[in-house]
Amino acid sequence: MNTFKYGEDYLSSSIAVAIAKGAQHGVLSSDTIDKINQSAQYVQDIVDSGKVVYGINTGFGPLCTTLISPQDTKKLQENILKSHAVGVGEPIDKELSKLMLILKVHALAKGFSGVQLSTVERIIWHIQEDVIPIVPKQGSVGASGDLAPLSHLFLPLIGLGKVWKDGQVVSTSSVLQEKGLEPIHLGAKEGLALINGTQFMAAHGVKAVVEMNRLMNNADLIATLMIEGLNGSIKPFFAELHQLRPYQGNSFVASTIHNLLKGSAILESHKNCSRVQDPYSLRCIPQVHGASRNAWLHFRDTIELEINSVTDNPIIINNELTISGGSFHGQPIALPLDYATLAVSELGNISDRRVYLSLEGETNGVPKLLMKTTGLNSGFMILQYSTAAIASENKGLCFPASADSIPTSLGQEDHVSMGSISGRKLLQVLDNVDKILSIEMLCAAQAKDFHNPLASTAVIEAIHQHIRKTIPHIEEDQPMQEILDNALAIIKSGELIEIAKQAAAEHQVAYFGKGEDYFENF
């Protein structure tokens with residue numbers, strides 16, 4: 001198993017997810033341990049000196065002018081976890097909670113937060129033992145850190161709150177008793193270091209970076225299958241066109257689809273047809289899918305800069321210099337989270353248009369509503385109702401949460417990012433677009449069937465055959481729920497992408513196009 005050194009190595013989104021899934025192991029190096037211990041000593045020096053420093057020997061937020069006695073500094077840190085754990089709503093997914101732990105360890109291990117080594121090691125224990133805290137979805141405004149969610153995340157350190165263990169939700173105290181462990185005792189500054197930071201927002205971003213990449217690859221494959229089903233042209237994907245407007249995403253999509261279509265017998269069969277040009281939902285795939293990929297590049301880079309940064313407050317440079325700044329503010333990632341939501345939603349919008357296009361019956365040999373006998377049968381008509389409904393729902397979710405700010409903390413925190421809401425909406429839209437793509441996949445596979453015995457390319461044939469292993473060609477109306485569930489499972493698993501890679505390797509043909517390093521190696 002690969003080893004990742006917290007606080008030292010570069011943490012990518014894919015590495016963070018790998019650690020969360022148990023496919024990679026995170027450790028502390030001796031150099032990092034030294035940095036953590038040195039930073040903790042700086043805090044102790046400040047306490048011993050009696051120098052007034054925010055969050056170490058003062059209250060929090062609007063209570064920043066209230067001095068705390070040396071004997072009460074540790075009690076102060078436990079109280080902040082208790083008082084700020086006011087999140088509401090259903091818990092976030094366990095994977096997101098685990099990602100939050102991983103991101104926080106990496107930030108604390110940089111050695112600028114003043115926490116004890118034992119605190120960091122206990123968090124790592126939670127990760128490795130898969131004892132993951134329960135964190136409610138709602139309650140963060142995305143500035144001064146994700147205060148409420150992070151407070152819930154770290155209540156288990158002091159023996160409070162609930163955790164997932166072996167698939168069950170149990171009290172932290174019962175787990176500690178079972179493991180023979182005691183709650184830890186927080187030192188000065190530690191409570192504030194734990195709950196100041198952007199790990200709730202950033203965890204949503206990390207998951208979205210990985211999921212959006214899967215979704216974009218699925219969208220390109222399914223769109224290509226639809227091009228074949230509807231006798232679309234290959235010309236809009238020629239490199240000569242995209243060299244004149246060389247956006248990275250556009251060029252990647254165009255060259256990928258060109259690779260997937262090159263040599264198709266279906267394509268060859270209508271090469272000399274009278275159609276001058278295709279509708280936009282086919283012809284402009286590089287421009288629309290590509291724009292979403294361009295947004296993803298910026299989104300990925302921003303999220304990964306964030307998760308390799310120190311985002312708590314105050315920052316402990318040394319025992320002479322502590323800085324109370326605003327590194328906890330979520331605005332730098334709130335805007336890209338909202339932008340990514342729009343980018344994902346657009347993939348659903350154009351997919352819905354292709355679904356509609358496939359039902360029109362304007363393609364030679366492909367019947368209206370994708371079924372030969374209609375009237376008695378409604379065919380695939382109502383599937384497009386679902387894609388239209390979901391696409392419309394997404395449009396409402398695209399309003400940027402970061403456009404809002406409501407002052408909190410008696411005006412001390414008078415501008416907030418609302419990035420936590422941005423992150424939650426992004427994952428919801430990703431899930432919605434998976435559903436739209438699963439329906440497009442059904443329609444595209446059905447359309448392609450009507451071109452038999454003409455074949456497409458090796459890669460497209462491979463993914464079509466894989467779909468047909470679990471989803472049959474449909475000749476008359478029938479209950480669709482199980483078929484829809486199976487289609488969604490194919491999309492969410494990413495298995496079509498793996499099938500495409502395997503087929504390309506087996507037949508020694510290209511799959512991904514120009515710019516693969518940008519989009520596949522992260």
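- Crowding of E482 atom CD: a count of heavy atoms from other residues, nucleotides or ligands under 6.0 Å not exceeding 12.
- Donor-acceptor pairing under 3.5 Å is recorded for the side chains of S351 and E440.
- Relative to the six-membered ring of Y356, R353 meets both conditions, a distance below 6.0 Å and an angle of at most 45° to the axis.
- A salt bridge links D431 and K492; the closest N-O separation between the charged side-chain nitrogens and carboxylate oxygens is under 4.0 Å.
- Checking each of D434, L427, L426, N432 against V344 for a side-chain contact (heavy atoms from CB on, under 4.5 Å) leaves exactly one that passes, namely L426.
- Contacts of H289 classified as ring pair (Phe, Tyr, Trp, His ring centres under 6.0 Å), with partners at least two apart in sequence or in another chain: none.
- Taking the ring centroids of H242 and F237, they lie at or beyond the 6.0 Å cut-off.
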Tabulate below the donor-acceptor pairs under 3.5 Å that side-chain atoms of residues 90-101 make, not counting sequence neighbours, or state none.
residue: D93; atom: OD2; partner: K207; partner atom: NZ; Å: 3.4
residue: K94; atom: NZ; partner: D130; partner atom: OD1; Å: 3.4
residue: K94; atom: NZ; partner: D130; partner atom: OD2; Å: 2.6
residue: S97; atom: OG; partner: P133; partner atom: O; Å: 3.2
residue: K98; atom: NZ; partner: A20; partner atom: O; Å: 3.1
residue: K98; atom: NZ; partner: D130; partner atom: OD1; Å: 3.0

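- H507 places no side-chain N or O within donor-acceptor distance of the main-chain N or O of V509, the cut-off being under 3.5 Å.
- The structure places CZ of F380 at 6.0 Å from CG of L383, a figure rounded to the nearest 0.5 Å.
- The 12-atom threshold is exceeded at NE2 of H473, counting heavy atoms of other residues, nucleotides or ligands nearer than 6.0 Å.
- A donor-acceptor pair shorter than 3.5 Å cannot be found between the side chains of Q24 and T3.
- Here side-chain hydrogen bond (donor to acceptor under 3.5 Å, both in side chains) pairs that include residues 244-258, with residues two or more places apart or in two chains, are Q248-Y518, N250-N294.
- Crowding of K110 atom NZ: a count of heavy atoms from other residues, nucleotides or ligands under 6.0 Å exceeding 12.
- Between the side chains of Q428 and N394, no donor N or O sits under 3.5 Å from an acceptor N or O.
- A salt bridge is defined here as a Lys NZ or Arg NE, NH1 or NH2 lying under 4.0 Å from an Asp or Glu carboxylate O, and K448 with E228 fails to meet this definition.
- Checked by atom type, the side-chain pair T311/S309 shows no donor-acceptor distance below 3.5 Å.
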I15 and S12: CA distance, side-chain angles, deciding distance, side-chain contact (heavy atoms from CB on, under 4.5 Å) verdict: CA-CA 5 Å; I15 290 173; S12 67; 3.2 Å; yes
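- When every heavy atom of E8 is checked against every heavy atom of H106, the shortest pair comes out as N-CE1, 4.1 Å.
- L103 CG to S13 OG: the interatomic distance, rounded to the nearest 0.5 Å, is 9.0 Å.
- Looking at W296, its side chain never comes within 3.5 Å of a backbone N or O of A340 through a donor-acceptor pair.
- Ring geometry for Y6 against F4 counts as perpendicular: the plane angle is over 60°, on a 0 to 90° scale with 30° as the lower cut.
- Heavy-atom contacts from other residues, nucleotides or ligands closer than 6.0 Å to CD of Q128 number more than 12.
- Residues D312 and S327 form no side-chain contact, since every pair of their non-hydrogen atoms from C-beta on lies 4.5 Å or further apart.
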Evaluation steps, side-chain contact (heavy atoms from CB on, under 4.5 Å), between L230 and S358: CA-CA 7 Å; L230 301 184; S358 72; 4.1 Å; yes
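- Counting heavy atoms from C-beta outward, K372 and E475 have side chains that stay 4.5 Å or more apart.
- Put simply, the side chain of S345 never gets that close to the backbone of L342: no donor and acceptor are under 3.5 Å apart.
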Taking it one step at a time, do Q446 and I474 satisfy side-chain contact (heavy atoms from CB on, under 4.5 Å)? CA-CA 8 Å; Q446 183 86 357; I474 299 172; 4.2 Å; yes
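- F450 CZ to M371 CE: the interatomic distance, rounded to the nearest 0.5 Å, is 8.0 Å.
- By the neighbour-count criterion of 12 heavy atoms within 6.0 Å, atom CG of D404 is densely surrounded, having more than that number from other residues, nucleotides or ligands.
- Within the 3.5 Å criterion, the main-chain N or O of M201 finds a donor-acceptor partner in the side chain of D146.
- When all heavy atoms of A391 and N349 are compared, the pair lying nearest together is CB-OD1, 3.7 Å.
- Dense packing is recorded around CD of E516, with more than 12 heavy atoms of other residues, nucleotides or ligands lying under 6.0 Å away.
- The number of heavy atoms from other shown groups lying within 6.0 Å of CD (Q478) is above 12.
- The shortest heavy-atom contact between I123 and V105 is CG2-CG2, 3.3 Å.
- At least one test fails for R293 against the ring of F252: distance under 6.0 Å to the centre or angle within 45° of the axis.
- Listed here is the closest heavy atom pair of A202 and I307: CB-CG2, 3.9 Å.
- Annotation for P136 and V88: closest pair CB-O, 3.4 Å, computed over non-hydrogen atoms.
- Without hydrogens or angle criteria, Q199 side chain to K104 main chain gives no donor-acceptor distance under 3.5 Å.
- Remark: the backbone N or O of G87 is paired with a side-chain donor or acceptor of H152 at under 3.5 angstrom.
- Taking each heavy atom of D477 and G379 in turn, the nearest pair found is OD1-N, 3.1 Å.
- In this structure, CD in Q277 is found 11.5 Å from NZ in K235, a value given to the nearest 0.5 Å.
- Side-chain atoms of H451 never come within 3.5 Å of backbone atoms of I266 as a donor-acceptor pair (strictly under, hydrogens ignored).
- With hydrogens and angles ignored, the 3.5 Å screen pairs no side-chain donor or acceptor of S378 with any backbone N or O of M381.
- No side-chain N or O of S233 forms a donor-acceptor pair with one of D278 less than 3.5 Å apart.
- In Y10, the OH atom is crowded: over 12 heavy atoms of neighbouring residues, nucleotides or ligands sit closer than 6.0 Å.
- Judged by distance alone, the side chain of E461 and the main-chain N or O of S456 form a donor-acceptor pair under 3.5 Å.
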Under the side-chain contact (heavy atoms from CB on, under 4.5 Å) rule, what do L153 and L150 come out as? Steps first, then yes or no, please. CA-CA 5 Å; L153 189 74; L150 285 166; 3.9 Å; yes
